[in-house]
2 protein chains.
Amino acid sequence: MSSDAIRAALIRRLRVSSGIAEEDIKEIEALPISVRQFPAETAVVRDGERATDCCLIADGFCARSKTIANGKRQILSLHIPGEIPDLMSLFLHVMDHDLSTLTPATLGFISHETLRKLHRRRPVVAEMFWRDTLIDAAMFREWIVNVGQRPAPARLAHVMIELRERLRIIGRVDGASFEMPLTQEQISEALGVTAVHANRVIRQLREEGIVELQRGRVTVLDEPRFLELADFDRRYLHQSPTL
Amino acid sequence: MSSDAIRAALIRRLRVSSGIAEEDIKEIEALPISVRQFPAETAVVRDGERATDCCLIADGFCARSKTIANGKRQILSLHIPGEIPDLMSLFLHVMDHDLSTLTPATLGFISHETLRKLHRRRPVVAEMFWRDTLIDAAMFREWIVNVGQRPAPARLAHVMIELRERLRIIGRVDGASFEMPLTQEQISEALGVTAVHANRVIRQLREEGIVELQRGRVTVLDEPRFLELADFDRRYLHQSPTL
DNA sequence: CCGCGTCCTTAACTTTTGTTGGAACCGGGC
DNA sequence: GCCCGGTTCCAACAAAAGTTAAGGACGCGG
């Protein structure tokens, strides 16, 4: 993966969410990024660690999670190429959660120092990144609602649609199907249910002819019922600079 | 409530979380703030609205929440004096959730324009506020874990301890007891359970001699068991500039 | 091509949580 | 003092989700 291609998805995302000026695109293209490959299911940064870099996903899927005393794990968010899942580490120095890969992934690392310098030079870029972390927080809010109020089938549908709408921005939705490379165990951790129950719910949605999920790929069979079940309101994704 | 007193709690909080310089305290003391009183249980800003000001809590308790299609409500966070619960509206122009009072409250409003000017003048203050919104997001992450993974009694204990630790910063914890002015209905919305179940859980904690909750006040009866039940790790509150 | 591990799948049973409906309590207004 | 509305509290029953246990599918490496 070329160094340019890595930046492309980021710029594409920033264009959609914040609207980005030509000069600032140049700045981002000039950013020194060191690239590393990670296998699937590997920790990138761990809870309790002090980060010195931010991590830009060039390729592959990642997730953030927290593990509680009894060993249970909760997935907090899913991340796709073009995103910087640990931008918050710029000001929250000690990680309060894990960031790990779901699939084999190519990650670009940008040092905190570099980013801080860029912020001083171009406050508008800082504000763009700030907005990015605020959208991140907006997604957490919706995730709370999902886990707190919706019955399990709706939770699953909601997570699926959120992922789809974000994949759409980077051109990764193929008709009625898109990637969702999580094991049922991981899905259960995202929904806050047990793996057995996640399996029941997946089967139920399949039996009702709403969605099919196999080998890391979702295929929507009945879009209207899927939408209704998920109770999805895209506003919280703030995918427009004026919102 | 004097205009100075309103700023005091904010400065106290910023001192603990970010460490704030004397010049910047002066800047904040000079901020034009317009004060308004709100009755209990009143919306301050609603989901879907476009905010033009940020709201600083001078006195009283507030909560943020979202309501889903079937009418159920999820409380996302509780807020106490000195906090700016809608700082995110500076860059996320359309609200994706409600902000409302729990008790009668005194709120100070600072216009977005004023804040933006301050940021341009003093980038360090902008970074401090950025960090504030990141801590907000860190609390959402923990809230997801709470609602997603912990059994209801632990959820209640966790919310109580989070509130206590934040009240402590502004000097509002009185020995083994502190304010928590929520009805059982509101508690149930915070925990993602029904009101009936919230009542069961409150009773259970009382019967086991762990905490007593009455008329908006929590009294801890058995601190060690309370802590153990809550599975509380304060790190996520990032209450130190170096964290 | 066999064996092993991971994931998926399912069933039976238990526990937690939701639902319904109603009684007791409490504070404020008349 | 008494009524009224909102809480708090509770019990009985229903539904959702957790637990345990075990078989089957599938891919990978020897």
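Below, read A as the first sequence line, B as the second, and so on, with proteins coming before strands; counting in each chain starts at 1.
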#### Entry: Carboxylate-amine/guanidinium contact A/Arg13 A/Asp132, below 4.0 Å
yes
### Task
Quickly work out the A/Glu41 CD to C/dT6 C1' distance and round it to whole Å.
11 Å
### Task
Using the ring of A/Phe178 (Phe, Tyr or Trp, six-membered ring only), decide whether A/Arg217 places NZ or CZ under 6.0 Å from its centre and within 45 degrees of its axis.
no
## Note on the structure
So ring-ring contact (aromatic ring centres under 6.0 Å, His included) across residues 181-235 of chain A, not counting sequence neighbours, yields A/His158-A/Phe232, A/Phe232-A/Tyr236
Find every protein N or O atom lying less than 3.5 Å from an N or O atom of nucleotides 17-19 of chain D, and list the pairs.
{"unit_1": "D/dA17", "atom_1": "OP1", "unit_2": "A/Ala152", "atom_2": "N", "d": "3.4"}
{"unit_1": "D/dA17", "atom_1": "OP2", "unit_2": "A/His197", "atom_2": "NE2", "d": "2.9"}
{"unit_1": "D/dA17", "atom_1": "O5'", "unit_2": "A/His197", "atom_2": "NE2", "d": "3.3"}
{"unit_1": "D/dG18", "atom_1": "OP2", "unit_2": "A/Thr194", "atom_2": "N", "d": "2.9"}
{"unit_1": "D/dG18", "atom_1": "OP2", "unit_2": "A/Thr194", "atom_2": "OG1", "d": "3.2"}
{"unit_1": "D/dG18", "atom_1": "N7", "unit_2": "A/Arg200", "atom_2": "NH2", "d": "2.7"}
{"unit_1": "D/dG18", "atom_1": "O6", "unit_2": "A/Arg200", "atom_2": "NH1", "d": "3.3"}

#### Entry: Euclidean distance, atom CG of residue B/Leu156 to atom C1' of C/dT17 [Å, nearest integer]
15 Å
### Query
Would you find a donor on one side and an acceptor on the other, under 3.5 Å apart, between the side chain of B/Glu165 and the backbone of B/Glu162?
no
### Rounded distance in Å - CD (B/Glu185) to C1' (D/dT7)
10 Å
### Query
Salt bridge or not for B/Asp98 and B/Arg73, using N-O below 4.0 Å?
no
### Message
Expressed as a whole number of angstroms, how long is the span from A/Gln149:CD to D/dA16:P?
### Response
16 Å
### Message
If you count heavy atoms of other groups shown closer than 6.0 angstrom to CZ of A/Arg50, is the number above 12?
### Response
yes
### Query
Which of residues 202-221 of chain A have a heavy atom under 4.0 Å from DNA chain C?
A/Arg203, A/Arg206
### Message
Strictly below 4.0 Å, N to O, side chains only: are A/Arg225 and A/Glu228 in salt-bridge contact?
### Response
no
### Query
Over how many whole Å does the gap from A/Leu191 atom CG to D/dA16 atom C1' extend?
14 Å
### Task
Would you please confirm or rule out a distance under 4.0 Å between OP1 or OP2 of C/dT9 and any side-chain N or O of A/Asn199?
yes
### Salt-bridge present (B/Asp233, A/Lys66; N to O < 4.0 Å)
no
